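Note: hydrogens, waters and symmetry copies are ignored here, and every other heavy atom, side chains too, is used. Sequence lines set the chain letters: A, B, ... in the order given, protein chains first and strands last, and positions in each chain run from 1. Computed from a predicted model, the values in this text were never measured in an experiment.
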Amino acid sequence: MRARMAGGDAGYSYGEYFADKREKQRRQDEAARGFASRGGIFAGLVVYVNGYTRPWDRLKLHAEIVKHGGEFCHYMSGKRQVTHIIASNLTLKKFVEFRNYKVVSAQWVVDSIQRGRLLPWQDYRVEGQGDDQQKLDLKALRATSTTDCNGPDFITNYFSNSRLHLLSSWKAKLYREALIRFQKGAVHLPQGNDTLTVFHIDFDSFFAITAYLYRPIEYRDCEFDKDPIVVCHGKHNSDIASCNYVARGYGVKNGMWVREAEKLMPGGVHLVKLPYCFKQFRDTSDLFYKILIEEFKDEFGGLVYPISIDELLAVIVNCKLDTAQLCERIRQRVFEQTQGCSVSIGVAGTRIGARLALKLAKPNGYKLWPSPQEDDTAFLDKLVPSDIPGLGPSLLSRLHASYPQVKTLLQLRGLTLKQLQTPLGEKVGEKTFYRLRGQDDPESLKLLYEPETVLQRKTISVDINWAIRFRTIEQVDTFMDRCATFILEDNPEVLTAQVTLKIMQRCADAPLEPTKYLGMGRCNALSQSSNLGLPTRDPGVIITELHSLFRKVNCLPGDVRGVGVSLSKLTSVGRTVGHAVGPLRNQPTLPFLQSTRTPNSTTTTTPVENSRKRCVSPLKTLRINEENDSRSQATTEYQEQFLSELPTQIRREINREQAIKRKVESTKLDKIRADAQKRQKAQDTCKDHFLGQDSLFEPIKFQGCSRFKDICKLINKWIDQTACESKGPHPRDVKLFRRYLVKLAASNRTHLLLQIANLISLNLNLKASDSDKEVVDATRSGLQEWDNILLHTVVKILNENKTTFQRERKVKIEFDI
DNA sequence: CGCTGGATTCAG
DNA sequence: CATCGCTGAATCCAGCG
C-alpha cells in the first residue's frame, strides 16, 4: 500500500520498480563481465556493500567485483543469497543483523585482486563497534545462539555439527535399510557348510578425503598426497575427526586435539585444517553403498552388510571368482564414481581375517589373508596387539600390567587361554584367543548368518556431553524433555518399557570450566533406570519418569556436564511384519505388551487392546486439557474426562489364569509393613544418598519409605493386596496416603503426584482386565473403592494444585509443538 | 546360583 | 573467537533372594 502511494505511476509499485532496476543492473553486470573474465577469482560470490568503504568506494568495488567474476547485490533482500558483506565499520546493531554473514573490509577485495587469488576472508573480518554496555548486551544475545544448551534449537544444531552423531545416526540408518533388504527375503543367506569369502571394504581416511575434495575455495592450494591434512572445527582444543596419511606420517592420530597435532609438525610444515562438509559425507556414503549393493550384488551375487558410514562387509558364498581382480575392480569403481576417494579391501574366509588383512592393505590397496592351511605368522608379525578388534586402550594396559614382557602380537598369541582370561575376563579373553588365530567367534558370525537379529536395535538413546551448562533444575528438566522428544520423533514406531537417564557429573575437584571450550572435563558417569510397567510412547509418561530419575541421581544442576536419555525394552506400535522396529527379545507374557494392530480398526478392536489404550490415556487426557483450553477447563469437567477413562467401564475381559497368578503372587499387608520397617531401619543406620545434606529436596516419607521408587512399589503392592478383596484398602491407610500426597503437592512435586495417579490407573486397568467373570462381584467393591481413591483423592489433589501443575506442564508443552 | 541394575569398555 | 566429547552392544561385577 505504501509502495503504491509513493510510486508516481499508478500500477507500478516500488517493489516492481526496484525489481526492474535490479534486473537491468544484472544484465549490465553480465555484459561487463564478458566472456574472457568468466570464472574470475570472485566467481560464485554474491557481494553486498554496506555504507561507506575505503580504500575503494562502492562504485569501484562494484566494477572490480563484477570484473573478476563475482556478483554484486544492491539490496539485502531475504531471497538473495549474499555470500559476503563489505563494510568498513559496523554499528553493533548492524553487526548483530549480519552475524550470519561473512563481513569483510574492502581491503580484502583489493588484496585478493592484487594477489590474483581469493584470500581467506577471516583475515579481513570486520567487528562491530560500541561501548562496553552495548557489547555486554550483544554478548547476552549471542549467548542465546547455537551453543546455548538451554535454547530450543540446541540439540538439532549440535547434532548437525557433530561427527560422532553422524557416525551413530548413519549406522542406525544403514541398519534400518539393511534390515529391510534382508526381511524382503529373496536374499540367499549363507548356510552352515558354505564357504565364505569376506571382503572388508573401508575408505582411506574418509572424512579427510571428502573434506579435501569438497574444500572451500580458500583451501584450493593444498595437496592431499603432500600436505598433512586434518578435519576439525577449531584451531586449538578441537578434536581431529580425520587425518590423511601424510599427517599420520608425522604421528597425527584421529581424535587428537589440533594443538597436539600442530606440535608434531616439523619446522616449515603447515598443518592444513579443513572444515567439515556433512552433506558430502552423507552423499559419498550413499554412493559407496549404492555401488556395492547394486553392482556387486548383481554381478557377483554378493551380500552386503553395513558396518559404518565408510565401511562395509561384502560376502560371496562359495566364491569361484578371482578375488584379487575383484578387489581391483571394486576399488577402481569407487574411485571413479566418487571422483577421487580410495577404498582399501581385506579379503579372507573369516571376518577377523578380512579385518586384519584390511589393516595391512591400507592405505589404497587390498590384501588376501592366508587360508587356514597356510602359515600366517609373517602376516601377524606386521600387526600390533591394538590391531585386534576388542582390544582398546584400557584392556591393553591391563594386559601390559599382567605381562610387561609381551609386546608383539606373536608374543600375545603365545599366551594360553587362561593367561588371556585373567586380565581380560572370561569372554573377551576367549574371543581374543580365537582372533589371534584368525578364527571367528559365534558372536561376530551372527551378523552374517542371522542379520535380522543383529540389525534389530534393542535400545535407542541420545547423549549430549558438550556445551551442557545449567543453573536451575527447571533447565535440566526442560533439556531432558527435549532429549526424550527428540528420540520419540526420531523413532515414530517404538514403544518403550524402560527409561534410563545418564548424567555426567563434574568431579568435585575438576575446574568449573575445562580446557576444552564448553567441554565436559573430568566427570563421574551416573545412571539410573526405571521400568514403566507397560510399553508407552507417551512423552508425558517418559518425561515425568526422567524428572524423577534426575532427582534420584542427586546431582546439582550446576554440576551437570552431560545428559543421556535411553529407551529400552522396546516394542513396536507396528501394524504387520516387516517393520523397522519389531517385537523384541524376551517379551513379557502380558497381553498388553504384544504389538497392537492398526488402532482405528473398530471391528478388530479387542477388549485387550481397548484396555491397553486406556492404560496410557489418563495422562494424555490431562495433556489435551492443558494444551487446548487449560484456563476455562472446569474442575468437574476435568474429572469427568478422567472418569470416562476409568477401568470400571472396561472390566469385561476374562482371564482366569492371570487372575489366579496374581492372587498367588500377592503378599500379605503385614509383610509389606515389615518390609517398610526393615527399609526404615536400614535408612536410619545407613544414610541414603537422597537424604544427604546436598539433596535438592527435603525427603517426604510414606510408610517409612522416602525413595520414590520404593513408594511406587509399595503402592502397587498395596493395590495388589486390597483391590481384589471385598473390603478394599483400610481407611486409616488411605488417610496416611492422602497426607503423603498433600505433602508432595505442597512441595511443588506435582510431577510425582502425576506419576502416582498414572501408576494407580495402570494398575487398576490391569486388574480390571485380569478379573475373572466369576470373581467380578467379589472384586468389584475393592476396585471401585480404588477408583474412588484415584478420582476423589489423587486427582482431586492434582486439581487443587492445578496452578503449579500448569506452570510445570507449560514448559513441556512448548516442546511438543 | 541366576537375575538385575549400574558401570566400563569398545568400535566406528 | 572458542567448539560441536555419539551411541548401541557386550561384558563385568556387586548385590539380591
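Position along DNA chain C of the nearest nucleotide to A:Asn237 versus A:Val454 favours A:Asn237 as the more 5'-ward residue. Take the nearest nucleotide of DNA chain C for A:Leu455 and for A:Gly425: the residue whose nucleotide is more 5' is A:Leu455.
For B:dG12, neither phosphate oxygen OP1 nor OP2 lies less than 4.0 angstrom from any side-chain nitrogen or oxygen of A:Arg163. Listed pair A:Ser529 / B:dG6 meets the phosphate criterion, a side-chain N or O lying under 4.0 Å from OP1 or OP2. Here A:Ser238 reaches the OP1 or OP2 of C:dC4: one of its side-chain N or O atoms lies under 4.0 Å away. Under 4.0 angstrom from either OP1 or OP2 of C:dG8 there lies at least one side-chain N or O belonging to A:Ser461. Phosphate proximity of C:dA2 to A:Thr147: absent, as no side-chain N or O sits under 4.0 Å from OP1 or OP2. A sub-4.0 Å separation between OP1 or OP2 of B:dG5 and a side-chain N or O of A:Gln528 is absent. At least one side-chain nitrogen or oxygen of A:Arg355 sits closer than 4.0 Å to the OP1 or OP2 atom of B:dG12. A:Tyr158 has a side-chain polar atom (N or O) that falls below the 4.0 Å cut-off from OP1 or OP2 of C:dC6.
In this entry the distance linking NZ of A:Lys502 with C1' of B:dG5 reads 15 Å, nearest Å. Here C:dC1 presents its C1' atom at 15 Å from NZ of A:Lys273, a figure rounded to the nearest Å. Atom-to-atom, CD of A:Glu426 to P of C:dA10 comes out at 16 Å; the value is rounded to the nearest Å. Summarising the geometry, the separation between CE on A:Met504 and P on B:dA7 is reported as 11 Å, rounded to the nearest angstrom. Going from atom CZ of A:Phe278 over to atom P of C:dC6 covers 12 Å, rounded to whole Å. Atoms CD1 (A:Ile240) and C1' (C:dG5) sit 14 Å apart, rounded to a whole Å. In this structure, CG of A:Leu445 is placed 14 Å from P of C:dA10, rounded to the nearest angstrom. Rounded to whole Å, the distance from NZ on A:Lys359 to P on B:dA11 is 9 Å.
Here A:Tyr517 lies parallel enough and close enough to stack on the base of C:dA2, with planes under 30° and ring centres under 5.5 Å apart.
The aromatic ring centres of A:Phe182 and A:Tyr305 sit less than 6.0 Å apart. Between A:Phe206 and A:Phe288, the gap from one ring centroid to the other reaches at least 6.0 Å.
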> Can you give the dot-bracket line for DNA chain C, using ( ) for pairs inside the strand, [ ] for pairs that cross earlier ones, | for pairs with another strand and . for unpaired bases, where Watson-Crick and G-U count if both distances are under 3.5 Å?
Replying inline: .....||||||||||||

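Closest to the side chain of A:Leu395, out of C:dC1, B:dC10, C:dT11, is B:dC10. Counting only heavy atoms from C-beta on, A:Leu167 has its side chain closest to B:dG12 among B:dC10, B:dG12, C:dT7. Looking at the side chain of A:Lys235, the nearest of the listed nucleotides C:dC6, C:dA2, B:dG5 is C:dA2. Closest contact between the side chain of A:Ile460 and the listed nucleotides C:dA10, B:dG5, C:dG8 involves C:dG8. Taking only side-chain atoms of A:His236, from C-beta outward, the nucleotide of C:dT3, C:dC12, B:dT9 with the closest atom is C:dT3.
Note on A:Gly519: a base of the nucleic acid sits closer than 4.0 angstrom, heavy atoms only. Counting non-hydrogen atoms under 4.0 angstrom, A:Ser168 reaches a base of the nucleic acid. Using a 4.0 Å heavy-atom cutoff across all strands shown, A:Arg561 reaches no nucleic acid atom at all. Contact annotation for A:His165: backbone-only contact, meaning every heavy-atom pair under 4.0 Å involves sugar-phosphate atoms and none involves a base. Across all strands, A:Asn465 comes closer than 4.0 Å to base atoms (heavy-atom distances). If you check every strand for non-hydrogen atoms under 4.0 Å, A:Lys431 touches sugar and phosphate atoms only. Contact annotation for A:Lys171: no contact, since no heavy-atom pair falls under 4.0 Å across all strands. Nucleic acid contact for A:Leu166: none, since no nucleic acid atom lies under 4.0 Å from a heavy atom of the residue. Contacts of A:Gly429 with the nucleic acid, taken as non-hydrogen atoms under 4.0 Å apart, are absent.
Residue-to-nucleotide contacts include no donor-acceptor pair under 3.5 Å from the side chain of A:Ser162 to the base of C:dC4.
Ion pairing between a basic and an acidic side chain is recognised when a charged N comes within 4.0 Å of a carboxylate O; A:Asp387 and A:Arg355 show no such pairing. The existence of a salt bridge linking A:Arg351 and A:Asp440 is excluded, since no basic side-chain nitrogen approaches an acidic carboxylate oxygen closer than 4.0 Å. We find that A:Glu262 and A:Lys273 are joined by a salt bridge, their nearest charged nitrogen and carboxylate oxygen being less than 4.0 Å apart.
No side-chain donor from either of A:Asn237 and A:Thr515 sits under 3.5 Å from a side-chain acceptor of the other. Under the 3.5 Å distance criterion, with hydrogens and angles disregarded, a donor-acceptor pair is assigned to the side chains of A:Ser285 and A:Trp170.
A donor-acceptor pair is defined here as one N or O able to donate and one able to accept, closer than 3.5 Å; such a pair exists between the side chain of A:Ser145 and the backbone of A:Arg142.
Both tests pass for A:Arg248 against the ring of A:Tyr245: distance under 6.0 Å to the centre and angle within 45° of the axis. The side-chain tip of A:Arg163 does not point at the ring of A:Phe207 from less than 6.0 angstrom away and within 45° of straight on.
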